[in-house]
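Just below is one structure, and these are the notes that go with it.
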Amino acid sequence: MTKSLPAASAALMLTMLSTPTVAACGSTTATSRPEEVVQAQVVAYNAHDADAFADCYADDARLAGLTGKRPPIEGKAAIRRAYASLFAGEPKGFGVDILKRTVSGAIVVDLERTHGLPAGKQLPDSFAVYEVRDGRIANVWFPPASR
């Protein structure tokens with residue numbers, strides 16, 4: 001049995017109202033709240049969409065691990081390449097869950113947990129500290145995670 005047009009419209013409206021919407025970074029603006037920009041980046045990360053992910057970053061953005069073991073990734077183009085390579089090597093279900101988010105002005109701190117990795121390959125929970133300026137992520141710092 002098919003739903004009548006009004007019933008189908010009502011069901012669609014309920015689905016739309018109950019589904020949280022997140023702006024993609026291509027539609028964020030200089031007035032977007034920092035947590036909106038970071039969340040759009042998380043959504044793109046979990047979708048393995050390197051282009052949408054990189055669109056969340058300023059042209060001169062910098063990602064740096066605070067252990068000093070790896071050189072920082074500098075610039076939107078380098079971020080796009082690095083994450084396209086990362087996504088290509090990870091299982092389709094790989095992503096992160098945000099366990100806790102703290103926002104103070106332009107700074108967003110996420111406690112993240114990965115999911116979708118094979119047994120025995122799970123990574124420790126880790127922090128990501130974002131600085132958002134003019135609707136784009138300008139800096140990300142990754143403090144060392146402990147096991």
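Computed from a prediction, not measured in an experiment: that's the story for all the values here. The basis for the numbers below is simple: all heavy atoms, side chains too, and nothing from hydrogens, waters or symmetry mates. Start at 1 with the first residue, then count along the sequence.
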Measure the spacing between [atom1] of [X] and [atom2] of [Y] and express it to the nearest 0.5 Å.
{"X": "Cys56", "Y": "Gln39", "atom1": "SG", "atom2": "CD", "answer": "10.0 Å"}
{"X": "Phe87", "Y": "Asn46", "atom1": "CZ", "atom2": "CG", "answer": "8.5 Å"}
{"X": "Cys25", "Y": "Asp51", "atom1": "SG", "atom2": "CG", "answer": "12.5 Å"}
{"X": "Lys76", "Y": "Ile137", "atom1": "NZ", "atom2": "CD1", "answer": "10.5 Å"}

Under the side chain to side chain contact (heavy atoms under 4.5 Å, CB included) rule, collect the residues that match up with [X], sequence neighbours excluded.
{"X": "Lys100", "answer": "Thr102, Leu111"}
{"X": "Leu86", "answer": "Tyr45, Tyr83, Glu90"}
{"X": "Ala78", "answer": "Ile73, Arg81"}
{"X": "Ser104", "answer": "none"}

Taking C-beta and beyond as the side chain, do Tyr130 and Ile107 meet within less than 4.5 Å on heavy atoms?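 Not in contact.
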Student check: side-chain heavy atoms of Leu66 and Phe142 closer than 4.5 Å: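 No, too far: nothing below the 4.5 Å cut-off.
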So, using salt bridge (charged side-chain N to carboxylate O under 4.0 Å, His left out) as the criterion, who are the partners of Arg62 when residues are at least two apart?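 In terms of salt bridge (charged side-chain N to carboxylate O under 4.0 Å, His left out), with neighbours along the sequence ignored, Arg62 is linked to Glu74.
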Listed partners of Asp60 passing salt bridge (charged side-chain N to carboxylate O under 4.0 Å, His left out), at least two apart: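 With neighbours one apart ignored, the set is empty.
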Is it true that Phe127 and Val37 fall in one hydrophobic cluster, defined by side-chain heavy atoms closer than 4.5 Å?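 Different hydrophobic clusters.
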Charged N to carboxylate O below 4.0 Å: is that the case for Asp55 and Arg80?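 Yes, Asp55 and Arg80 are salt-bridged.
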Salt-bridge contact Arg113-Asp97 (side-chain N to carboxylate O under 4.0 Å):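 Salt bridge absent between Arg113 and Asp97.
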Under 3.5 Å: donor-acceptor pair, side chain of Gln122, backbone of Thr114: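 Indeed, once roles are kept as given, a pair shorter than 3.5 Å links the two residues.
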